[in-house]
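Notes follow once the structure below has been shown.
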Amino acid sequence: MCLGYPGKIVEIRGEFAKVDFGGGVVKDNVLISLVDAKVGDYVIVHAGYAIQVLDEEEAERTLELWRELFELEGLRYERAQEGAREV
């Protein structure tokens, strides 16, 4: 299954960014060359690539839907969030 997950860019170094996915999960090497993004932007990340820039409201709405889905499935949000990004 392919999933994209929203996160906030906290630092940019060339074509790579540090992205905060919330819950203490930060990925340091997200490739951002496919999007026009800056520090503070939310992006959808799939397989280590930022593939779309989102506005903050849309990102928060998406994150809330993920939280609700995990709660319905009886999963801890933070644990599932970490696993989704390790794939």
Side-chain angles (χ1 to χ4, degrees):
M1 177 166 52
C2 299
L3 299 174
Y5 203 87
K8 185 175 185 177
I9 294 177
V10 294
E11 183 179 319
I12 294 176
R13 293 174 317 282
E15 293 187 339
F16 291 91
K18 181 184 285 187
V19 177
D20 184 352
F21 293 96
V25 178
V26 177
K27 188 166 181 159
D28 196 28
N29 57 351
V30 173
L31 187 62
I32 59 169
S33 62
L34 300 176
V35 296
D36 183 20
K38 61 186 180 309
V39 172
D41 283 346
Y42 283 85
V43 290
I44 294 286
V45 177
H46 172 69
Y49 290 85
I51 58 174
Q52 181 180 353
V53 177
L54 302 172
D55 65 42
E56 185 171 354
E57 182 178 325
E58 186 176 1
E60 291 297 331
R61 192 172 45 242
T62 302
L63 289 168
E64 184 57 32
L65 288 172
W66 277 108
R67 288 184 196 101
E68 289 177 17
L69 177 65
F70 289 125
E71 286 175 14
L72 288 172
E73 293 295 323
L75 300 171
R76 288 198 48 213
Y77 173 71
E78 293 82 9
R79 184 172 177 164
Q81 192 179 35
E82 290 174 20
R85 280 184 294 282
E86 290 174 2
V87 175

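Residues: numbered from 1 along the sequence shown.
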How about Tyr42 and Glu60: do any of their side-chain heavy atoms sit closer than 4.5 Å? yes

Which value, rounded to the nearest 0.5 Å, describes the distance between Ile51 atom CD1 and Leu31 atom CG? 12.0 Å

If I take atom CG from residue Asp41 and atom CG from residue Asp55, how far apart are they, to the nearest 0.5 angstrom? 10.0 Å

Looking at every heavy atom in both Val30 and Ala50, which two are closest together, and how far apart are they? CG1-N, 3.8 Å

Please list, chain by chain and in numerical order, all residues satisfying side-chain hydrogen bond (donor to acceptor under 3.5 Å, both in side chains) with Glu11, sequence neighbours excluded. Arg13

CD1 (Ile44) and CD (Glu58) are apart, to the nearest 0.5 Å, by 7.5 Å

Residues Ala37 and Ile12: closest non-hydrogen pair is O-CD1, 3.7 Å

Do Phe16 and Val10 land in one hydrophobic cluster if side-chain heavy atoms of ILVMFWY residues count as linked below 4.5 Å? no

Do Val25 and Tyr5 touch side chain to side chain, with heavy atoms closer than 4.5 Å? no

Looking only at heavy atoms, what is the nearest atom pair of Val26 and Lys18, with distance? CG1-CG, 3.3 Å

Using side-chain heavy atoms (C-beta onward) and a distance below 4.5 Å, is Val35 in contact with Ile32? yes

Compare all side-chain heavy atoms of Val45 with those of Phe21 and state whether any distance is below 4.5 angstrom. yes

Should we say atom CG of Asp36 is surrounded by more than 12 heavy atoms from elsewhere, each under 6.0 Å from it? no

Looking at Pro6 and Ala59, what are the two nearest heavy atoms and their distance? CG-O, 4.3 Å

Hey, is CD on Glu57 packed in by over 12 heavy atoms from elsewhere, all under 6.0 Å? no

Check this for me: Tyr49, atom OH, are more than 12 non-hydrogen atoms of other residues, nucleotides or ligands nearer than 6.0 Å? no

Charged N to carboxylate O under 4.0 angstrom, Arg67 versus Glu71? no

